[in-house]
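I have placed the structure first, in the form of structure tokens, so that the comments after it can refer back to it.
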Protein chains: 2
Amino acid sequence: MLHNRVKELRARFGFTQGDLGERVGVTRQTISFIEKGDFSPSVSLALKIAREFEIKVDELFWLEGDRKT
Amino acid sequence: MLHNRVKELRARFGFTQGDLGERVGVTRQTISFIEKGDFSPSVSLALKIAREFEIKVDELFWLEGDRKT
DNA sequence: ACTAAATGTAATGTATACTTAACATAATGT
DNA sequence: ACATTATGTTAAGTATACATTACATTTAGT
């Protein structure tokens, strides 16, 4: 199971799902699915999203029971 | 375009493609495809591979023209 | 109350990640 | 020379990421 902080960071940056999708080249539905944890995006997309938030992929996405802290 | 250091690190750890695949739950062909850059794995798989090598996803995979140094 | 923007969600379609099976080749050990 | 192991690669199938369209609900602004 994969977890993420996309929704939290998107809110912090004041982006809508549509904004973020546009910036990283996917639709708002794709962002919505990712936030819901419905699927595991490609590492390319994960890198693009992490880049928008200026953090590392490992700080945005983590595997169940694998949290840093 | 996505680049990675999987082959280099796998060699450093003395794993065969089969060894690594088994550890992260995919076939050796999948590891082979990833090393060749044929596709962008899911972030779940990227996290598992990075964990094996004890490095961050961002140090294993990067987008064209996005290299840290 | 009305409108517009943002989100949730569902259906269907396409692209691509990943599997399975197979065959070829190179390298190593006996 | 033979067997074994690792890798390259290809073809065909399955699973899933992601797009597109559409509609309902919520929230903020007037």
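We name chains A, B, ... by the order of the sequence lines, and we start the count at 1 in each one. Just so it is clear, the model here is predicted, and its values are computed rather than measured. The figures that follow rest on heavy atoms only: side chains count, while hydrogens, waters and symmetry mates do not.
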(message) I want to check something: taking the side chain as every heavy atom from C-beta on, are B:F61 and B:V43 in contact at a cut-off of under 4.5 Å?
(response) no
(message) Between A:I49 and A:I34, is the side chain to side chain contact (heavy atoms under 4.5 Å, CB included) condition met? List the steps.
(response) CA-CA 11 Å; A:I49 298 175; A:I34 291 171; 4.2 Å; yes
(request) Tell me, please, which residues at least two apart from B:S42 pass side chain to side chain contact (heavy atoms under 4.5 Å, CB included). (result) A:S40, B:S44, B:L45
(request) Five pairs at each end of the helix from C:dA1-D:dT30 to C:dT30-D:dA1: take the axis at both ends and give me the angle between them to 10°. (result) 40°
(message) Working note: B:L2 + A:L47, criterion side chain to side chain contact (heavy atoms under 4.5 Å, CB included); need CA distance, chi angles, decisive distance, verdict.
(response) CA-CA 10 Å; B:L2 183 68; A:L47 284 163; 3.7 Å; yes
Please list, one pair per line, the donor and acceptor atoms closer than 3.5 Å that link side chains of residues 5-14 of chain B to other protein atoms, with sequence neighbours excluded.
residue	atom	partner	partner atom	Å
B:R5	NE	B:E59	O	3.2
B:R5	NH1	B:E8	OE2	3.1
B:E8	OE2	B:R12	NH2	2.7
B:R10	NE	B:E35	OE2	2.5
B:R10	NH1	B:F15	O	3.0
B:R10	NH2	B:E35	OE1	3.2
B:R10	NH2	B:E35	OE2	3.2

(request) Return the set of residues passing side chain to side chain contact (heavy atoms under 4.5 Å, CB included) with B:R28 (not counting sequence neighbours), or none when no residue passes. (result) B:Q17
(message) Taking A:K36 first and then A:D38, would you say they form a salt bridge - that is, a charged N and a carboxylate O separated by under 4.0 Å?
(response) yes
(message) Restricting to side chain to side chain contact (heavy atoms under 4.5 Å, CB included), what partner residues turn up for A:T16, sequence neighbours left out?
(response) A:D19
(request) Do nucleotides 23-30 of chain D as a string where each nucleotide becomes B, S or -: B if the base has a protein heavy atom under 4.0 Å, S if just the sugar-phosphate does, - if no protein is that close. (result) --------
(request) Evaluate the criterion side chain to side chain contact (heavy atoms under 4.5 Å, CB included) for residue pair B:F33 and B:T27; output intermediate values, then yes/no. (result) CA-CA 10 Å; B:F33 278 132; B:T27 64; over 6 Å; no
(message) According to salt bridge (charged side-chain N to carboxylate O under 4.0 Å, His left out), does anything in residues 39-54 of chain A pair up with another residue at least two apart or in another chain? List the pairs.
(response) A:R23-A:E52, A:R51-B:D66
(request) Tell me, please, the opening and closing nucleotides of DNA chain C, 5' to 3', among those with an atom under 4.0 angstrom from a non-hydrogen atom of chain B. (result) C:dA17 to C:dA22
(request) Using a heavy-atom cut-off of under 4.0 Å over every strand shown, decide if B:F33 touches base, sugar-phosphate, or nothing. (result) base
(message) Could you tell me how far apart B:I31 (CD1) and D:dG8 (P) are, to the nearest whole angstrom?
(response) 12 Å
(request) Please work out which residues in residues 20-27 of chain B have a non-hydrogen atom less than 4.0 Å from an atom of DNA chain D and list them by number. (result) none
(request) Would you please name every residue forming a side chain to side chain contact (heavy atoms under 4.5 Å, CB included) with B:E64, sequence neighbours left out? (result) B:M1, B:H3
(request) Kindly state which residues belonging to residues 3-17 of chain B come within less than 4.0 angstrom of DNA chain C, counting heavy atoms of the residue only, listed by number. (result) none
(request) Please work out which residues in residues 34-42 of chain B have a non-hydrogen atom less than 4.0 Å from an atom of DNA chain D and list them by number. (result) B:K36
